[in-house]
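Just so you know, ligand 1 is whichever comes first in the structure, and atom 1 is the first atom listed for that ligand.
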Amino acid sequence: MPPPIRPDITEPCRVRFAPSPTGSLHVGGARTALFNWLIARKTGGTFVLRMEDTDRERSTPESEAEILRVLRWLGLGWDEGPFRQSERGDVYRDAIRRLREAGAVYAAYETADELEAQREEARRDKRAPVVRCKREYTEAELAALTAEGRQPVWRFAVSVEGETVIEDMVRGTVTFDHGNIEDFVVARSDDTPTYNLAAAVDDADMEISHVLRGEDHISNTPKQMLVIRALGLEPPKYAHIPLILGPDKKRLSKRHGAASVEEFEADGFLPEPFVNSLALLGWSYDDKTERFTMDELVQAFSVARISKGGAVFDQRKTEVMHGRYLRMMDPQAFEDALVAYLTNTGFIAAHGGAEAEARVRRSAKAVKGKISKLSEYHTLAGWMFGDYQLEPDAWEKITVDVKHAIQVIGGGLGRLEALPEWELQAIKDALQDQLHILGENARDFLEPQRIAVTGRTVSTGVYESIELCGRDEAISRYRSLLGRLAEIWTR
Ligand code: GLU
């Protein structure tokens with residue numbers, strides 16, 4: 001085991017993944033879920049799932065269902081939850097009441113315009129544009145505000161003197177000067193909690209021991225720590241994991257390719273190698289080992305080896321790693337995964353069900369080792385489904401020299417028709433023999449055979465394709481193409 005570079009979690013921990021169900025699960029969220037899951041499994045701890053759905057307008061049940069489905073697909077099962085913040089209103093109301101009683105929060109009546117004017121003034125004076133509202137009102141002032149119909153929000157009374165220090169497990173000591181933290185809102189006028197309140201209260205209430213989350217949340221952390229301390233509780237430990245960047249070192253987005261896990265699933269990635277790639281986004285075992293099974297990840301993972309930066313997601317590299325995984329897979333497991341994928345995408349049903357499945361199974365060996373994701377099956381073996389059709393580029397290629405095409409395809413057909421047995425090695429021997437007789441170079445001879453049987457320029461191997469096509473169908477395709485070629489030759 002390589003030496004840790006920072007403190008680690010070794011005791012059974014309680015960690016959580018707290019997505020907002022406002023869309024699909026992206027690579028970044030999946031990586032956060034994975035790191036939390038791994039450390040929970042590694043330490044014999046507990047992985048809590050919490051839906052941060054306080055934004056009623058953007059949160060949807062469909063998004064929640066999709067996140068749960070994708071987590072299951074990734075193999076990241078949870079031990080507790082899913083808890084929903086939308087169902088925990090009482091817990092937050094009680095926390096706000098306690099904060100009020102402790103004098104930690106105050107009712108703020110400022111309008112949006114007044115707040116903006118305050119920020120503007122701060123900017124003019126070159127101060128941090130943080131909001132501080134009027135904390136004390138006389139009875140008469142309050143009566144006037146109420147008469148005006150103003151509804152207060154609840155803001156945390158940050159004591160300007162002082163600082164909050166995060167001993168971050170990844171980033172080290174990070175100090176926040178309270179002068180730069182505004183009196184943040186903890187509850188809206190309708191009493192609903194803000195993210196910072198709900199997350200802080202939940203982390204405390206759910207006895208979360210360690211918060212592992214994206215670095216983009218680090219400025220929320222001192223606010224959440226202030227809330228937890230004001231409730232008389234001890235904040236969890238924090239580990240902020242590096243943002244995920246694209247190869248151009250810009251924050252990962254759609255521009256870099258598929259960003260949601262669902263898209264990778266649809267594109268024919270399998271969960272284990274995909275999780276393997278996610279694990280390497282900001283974590284490494286020893287700077288060289290790259291391949292891990294799920295079990296190996298659980299053994300190898302440590303918070304101590306999460307890096308401060310350098311989490312680059314490279315779609316191409318992910319595909320290459322995935323291709324290597326597919327090549328090394330047990331043949332039966334690969335075949336089953338392929339069938340499962342093509343069943344889930346509806347391809348098998350759309351092409352006749354059981355019969356199509358049998359074809360997929362027969363062709364699995366011919367594509368294994370040649371594809372880096374399961375969707376590429378269509379590129380190589382799509383010709384096996386549906387009617388025989390010559391694709392335009394194949395026709396173009398074959399008609400560059402019609403006389404030559406007729407000669408090599410005719411030669412191939414003759415040998416295939418004479419085969420006593422339709423068997424891969426026999427097909428190969430016969431065609432290679434013909435190739436030598438004609439004195440052709442291999443490509444000029446074999447490409448037309450491929451086109452004859454598949455109608456395409458890209459497919460499974462030539463001999464495999466002929467074998468997979470079956471004797472009658474292959475011969476009929478050869479004849480049909482020869483017929484079309486003869487027609488233009490004699491014209
Ligand atoms: N709900 C937040 C998000 O989806 C996560 C907050 C957290 O982990 O504390 O970004």
Problem set entry | atom 6 (C) of ligand 1: the protein heavy-atom neighbour that sits closest, reported with distance to 0.1 Å | Tyr195 OH, 3.1 Å

For this session: Could you tell me whether some N/O pair between His217 and ligand 1 is separated by less than 3.5 angstrom?
Result: yes

For this session: Assess Arg327 against Tyr325: is NZ or CZ under 6.0 Å from the centre of the six-membered ring, and within 45 degrees of the ring's axis?
Result: no

Problem set entry | Sub-4.0 Å heavy-atom approach of Gln224 to ligand 1 | no

For this session: Determine whether any heavy atom of Ala18 lies closer than 4.0 Å to an atom of ligand 1.
Result: yes

Exercise. At a non-hydrogen distance cut-off of under 4.0 Å, which region of Phe17 contacts ligand 1 (side chain, backbone, both, or neither)?
Worked result: neither

Exercise. Using a heavy-atom cut-off of under 4.0 Å, does the side chain or the backbone of Ser20 touch ligand 1, or both, or neither?
Worked result: both

Could you tell me which atoms of ligand 1, counted from 1 in the order shown, lie closer than 4.0 angstrom to a heavy atom of [X]?
X	value
Arg16	7 (C), 8 (O), 9 (O)
Arg213	7 (C), 8 (O), 9 (O)
Glu52	1 (N), 2 (C), 5 (C), 6 (C)

Are [Y] and [X] an aromatic pair, judged by ring center distance below 6.0 Å?
X	Y	value
Phe264	His322	no
Phe292	Trp283	yes
Phe347	Phe385	yes

Problem set entry | Glu139, CD atom: more than 12 neighbouring heavy atoms under 6.0 Å | no

For this session: Using atom types as modelled and distance alone, determine if a side-chain donor or acceptor of Arg119 lies under 3.5 Å from a backbone N or O of Val130.
Result: no

Exercise. Considering all heavy atoms of both residues, which atom of Arg305 and which atom of Ser284 are nearest to each other, and what is their separation?
Worked result: NE-O, 3.0 Å

